[in-house]
A.B. asks: 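Quick one: this structure, given as structure tokens, is what I'll be asking you about.
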Amino acid sequence: MTLIQDLESRLAAAFHSVLGESVTAPVVAATDLRFGDYQSNAAMALAKQRKTNPRALAEQVIAALDLSGLGTADIAGPGFINFRISPETFAARAKAQLADPRLGVPLTGQPKTIVVDFSAPNVAKPMHIGHIRSTIIGAALASIARFLGHRVITDNHIGDWGTQFGMVTWAWKQCLDEEALLANPLQELLRLYRHASDLSKADDAVREACRQELVKLQQGDEENFEIWQRCIELSRAGLDKIYDRLDVSFDHWLGESSYDAALAPLVDRLLAEGLARESDGAVCIFSNGDPADPAKDPFLTRKDGEWTDFPMIVRKSDGAFNYSTTDIATVEFRRKEWNADAAWYVVDHRQSQHFQQLFAVAGRLDCAGMDLRHISFGTILGTDGKPLKTRAGDLPQLDDVLDEAVAAATTAVAERSRVETDQERADLAELIGISAVKFTELAHHRLSDYVFDLEKMLALHGDTAPYIQNSVVRCRSIFRKLDEEVDLASVNPLLAEDAEIHLARYLARYGEVLPTILDDHRPNLLTAYLLELARAYHSFFEACPVLKAEIPVRNSRLVLCELTIRVLVHGLGLLGIRCPERM
RNA sequence: GCACCCGUAGCUCAGUUGGAUAGAGCACCCGCCUUCUAAGCGGGCGGUCACUGGUUCGAAUCCAGUCGGGUGUGCCA
């Protein structure tokens with residue numbers, strides 16, 4: 001049980017004895033430590049409902065409140081109830097947390113089967129900087145949900161059956177450079193894609209030819225299928241390399257092509273059941289009048305002063321299926337085969353309209369009970385405040401960005417690091433460079449656009465991954481210099497100094513912070529917490545010598561050190577970030 | 001036109017169901033390494049939370065409107 005849970009149940013009991021009925025009395029971490037450790041505003045809210053005096057109610061509740069073994073409570077202002085946790089309580093918490101493999105984090109009361117759909121790059125194109133948000137946020141949310149006790153299935157729904165394959169296939173037949181393909185497969189595939197893409201923008205005949213190549217592929221043409229297969233193999237190897245580097249993996253790689261066989265029957269069924277109909281040669285799903293407000297209807301749009309149809313196209317007039325078709329087939333598969341209760345789509349905000357339609361369609365099918373979420377995110381900007389691009393006007397490739405980050409980290413390591421061998425320095429630079437990129441990504445609110453600034457990301461100080469990693473490294477250094485075995489499990493910590501109490505206070509919050517992340521799918525709540533904890537540790541480190549302290553105090557401090565390492569390493573681990581031994 | 005997202009310190013960003021004097025980091029200024037890793041610590045400077053109304057004991061947060069920015073808007077994904 002977390003401190004908040006403990007306080008809430010005791011507070012609820014006190015309210016019950018005063019009011020004679022059950023009420024919920026939320027407790028939150030205090031907004032300002034001057035007021036205490038935790039606070040509840042419940043007396044004000046409940047007094048308002050009952051039209052009584054909030055302060056008087058709070059006083060009655062406090063009189064009835066049993067906080068034995070926790071701390072004290074008092075009333076402030078119009079009726080805030082402030083809780084002050086005793087150092088002894090924090091000490092006991094630290095001891096228990098150290099003995100708990102879950103570090104004080106409760107399991108969810110309602111475990112669900114959740115499919116997390118993230119990353120999902122288009123095959124035949126190298127991953128670019130835009131893929132990093134989905135990949136990093138998705139991986140973090142998946143591992144957090146899993147740790148909290150959900151059954152999580154991660155699925156890389158790669159784009160391997162869409163229009164870009166028509167383009168690549170067309171260009172492959174026109175101008176494939178076999179030598180270049182062997183030397184650098186992804187670059188050659190990208191060249192082919194760009195070649196076709198550029199030409200088809202200017203030339204309708206090329207555009208049509210590309211479309212036809214896709215139709216042939218989807219209809220089982222042997223030559224096109226062979227080309228497709230080779231593209232997939234080559235691309236997959238390139239993608240694996242990047243995922244290794246990012247330390248990201250998936251339970252499944254069920255791309256669009258996995259659903260190929262389901263597409264035609266799906267469209268037939270939609271037609272037969274009257275859920276879709278033909279329009280301009282395409283098969284489309286239209287509004288069914290729900291919701292009644294046309295502004296909220298994802299199948300309507302306003303044009304020339306009238307609400308007009310904005311259908312979801314499930315079969316194009318050329319006969320090919322598209323993204324919408326595979327997505328409907330995919331959600332049905334996840335429901336039926338995996339028995340999923342929920343699916344989280346970690347995809348950028350520009351596709352929100354698509355997901356509104358998809359979710360509405362799922363509701364009309366057998367997926368009605370599923371909790372479908374579009375976990376959208378904003379755009380990555382350059383330092384000029386505009387969407388990040390290379391000089392050529394494309395998005396920078398992810399591998400190049402990671403290389404740049406590692407190069408910057410290499411310089412920093414050369415200047416600062418205490419590690420000795422070249423190999424250690426190279427490993428450390430790779431770790432720090434990539435950690436910094438990942439952490440920066442996770443530290444932002446996912447919905448806001450953010451400026452991608454390598455220099456700040458790899459800063460030697462400030463709110464960055466290295467700041468947290470450094471606190472772990474400093475902490476580990478103490479244990480390295482400790483010249484005896486200490487049985488930390490048997491230590492009963494004593495907390496006297498402010499810095500010790502403050503550190504223990506933040507350690508106790510780990511189990512309170514983690515579950516809140518899933519309320520709105522916000523990994524940045526965890527980065528903020530870890531930064532606070534690292535800050536508390538650095539302050540403690542300066543103020544409270546460990547090895548020089550007398551035995552009982554020293555052992556207390558060792559408990560705090562060990563627990564800090566565990567929480568920081570665990571928290572960073574959930575975010576997909578490792579800690580070095582030294583730096 | 002319509003829909004969605006955003007507007008907080010010079011810069012980059014936090015701010016959990018509405019809470020108390022709105023917080024970090026960077027930059028700038030002043031201190032701290034013969035003592036466990038200075039990628040650190042302590043202190044200072046810095047904001048009319050875009051604007052206007054409303055809801056109430058209380059609003060950066062909720063509602064309405066205005067201004068500014070971004071994104072999407074029938075066969076791309």
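Below, chain A is the first sequence line, B the second, and so on; all start at residue 1.
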A.B. asks: How are the rings of A/Tyr323 and A/Phe355 set relative to one another: parallel (under 30°), tilted (30 to 60°) or perpendicular (over 60°)?
C.D. replies: perpendicular
A.B. asks: Looking only at side-chain N and O atoms, does A/Lys316 come under 4.0 Å of OP1 or OP2 in B/C76?
C.D. replies: yes
A.B. asks: Determine if A/Phe541 stacks with B/G40; use a centre-to-centre distance below 5.5 Å and an interplanar angle below 30° as the criteria.
C.D. replies: no
A.B. asks: Can you tell me if A/His445 touches the phosphate of B/C13, counting only side-chain N or O atoms and a distance under 4.0 Å to OP1 or OP2?
C.D. replies: no
A.B. asks: Just so I know, are the side chains of A/Trp161 and A/Leu217 near enough to count as touching, which here means a heavy-atom distance under 4.5 Å?
C.D. replies: yes
A.B. asks: Of all of residues 306-313 of chain A, which get a heavy atom below 4.0 angstrom from RNA chain B, listed by number?
C.D. replies: A/Trp307, A/Phe310, A/Pro311, A/Ile313
A.B. asks: Could you point out which residue of A/His445, A/His444, A/Arg133, A/Glu441 forms a side-chain hydrogen bond (donor to acceptor under 3.5 Å, both in side chains) with A/Tyr450?
C.D. replies: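 The residue from A/His445, A/His444, A/Arg133, A/Glu441 that satisfies side-chain hydrogen bond (donor to acceptor under 3.5 Å, both in side chains) with A/Tyr450 turns out to be A/Glu441.
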A.B. asks: Heavy atoms under 4.0 Å, any strand shown: does A/Arg211 hit a base, just sugar-phosphate, or nothing?
C.D. replies: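 The residue A/Arg211 makes sugar-phosphate contact but no base contact.
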A.B. asks: Within the structure shown, what part of the strands sits under 4.0 Å from A/Lys296 by heavy-atom distance: base, sugar-phosphate, or nothing?
C.D. replies: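 Sugar-phosphate only.
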A.B. asks: Using OP1 and OP2 only, check whether a side-chain N or O of A/Thr163 sits under 4.0 Å from B/A77.
C.D. replies: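 So the side-chain polar atoms of A/Thr163 do come within 4.0 Å of the phosphate oxygens OP1 or OP2 of B/A77, strictly under.
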A.B. asks: Does A/Ser448 make a side-chain N or O approach to OP1 or OP2 of B/A14 shorter than 4.0 Å?
C.D. replies: yes
A.B. asks: Give one of base, sugar-phosphate or nothing for A/Asn322, where a contact means two heavy atoms less than 4.0 Å apart.
C.D. replies: sugar-phosphate
A.B. asks: Hey, does the side chain of A/Arg474 come within less than 4.0 Å of B/C36's phosphate (OP1/OP2), counting only N and O?
C.D. replies: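 No, A/Arg474 has no side-chain N/O under 4.0 Å of OP1/OP2 on B/C36.
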A.B. asks: Within the 4.0 Å heavy-atom criterion, would you say A/Ala295 contacts the bases, only the backbone, or no part of the nucleic acid?
C.D. replies: sugar-phosphate
A.B. asks: Quick one: classify the glycosidic conformation of B/C5 as syn or anti, with syn meaning within 90° of 0.
C.D. replies: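 Base orientation: anti.
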A.B. asks: Ring centres within less than 5.5 Å and planes less than 30° apart: is that true of A/Phe80 and B/G19 in this structure?
C.D. replies: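 No; by the centre-distance and plane-angle rule, A/Phe80 does not count as stacking on B/G19.
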A.B. asks: Examine B/A14: is either OP1 or OP2 under 4.0 Å from a nitrogen or oxygen in the side chain of A/Thr527? Give yes or no.
C.D. replies: no
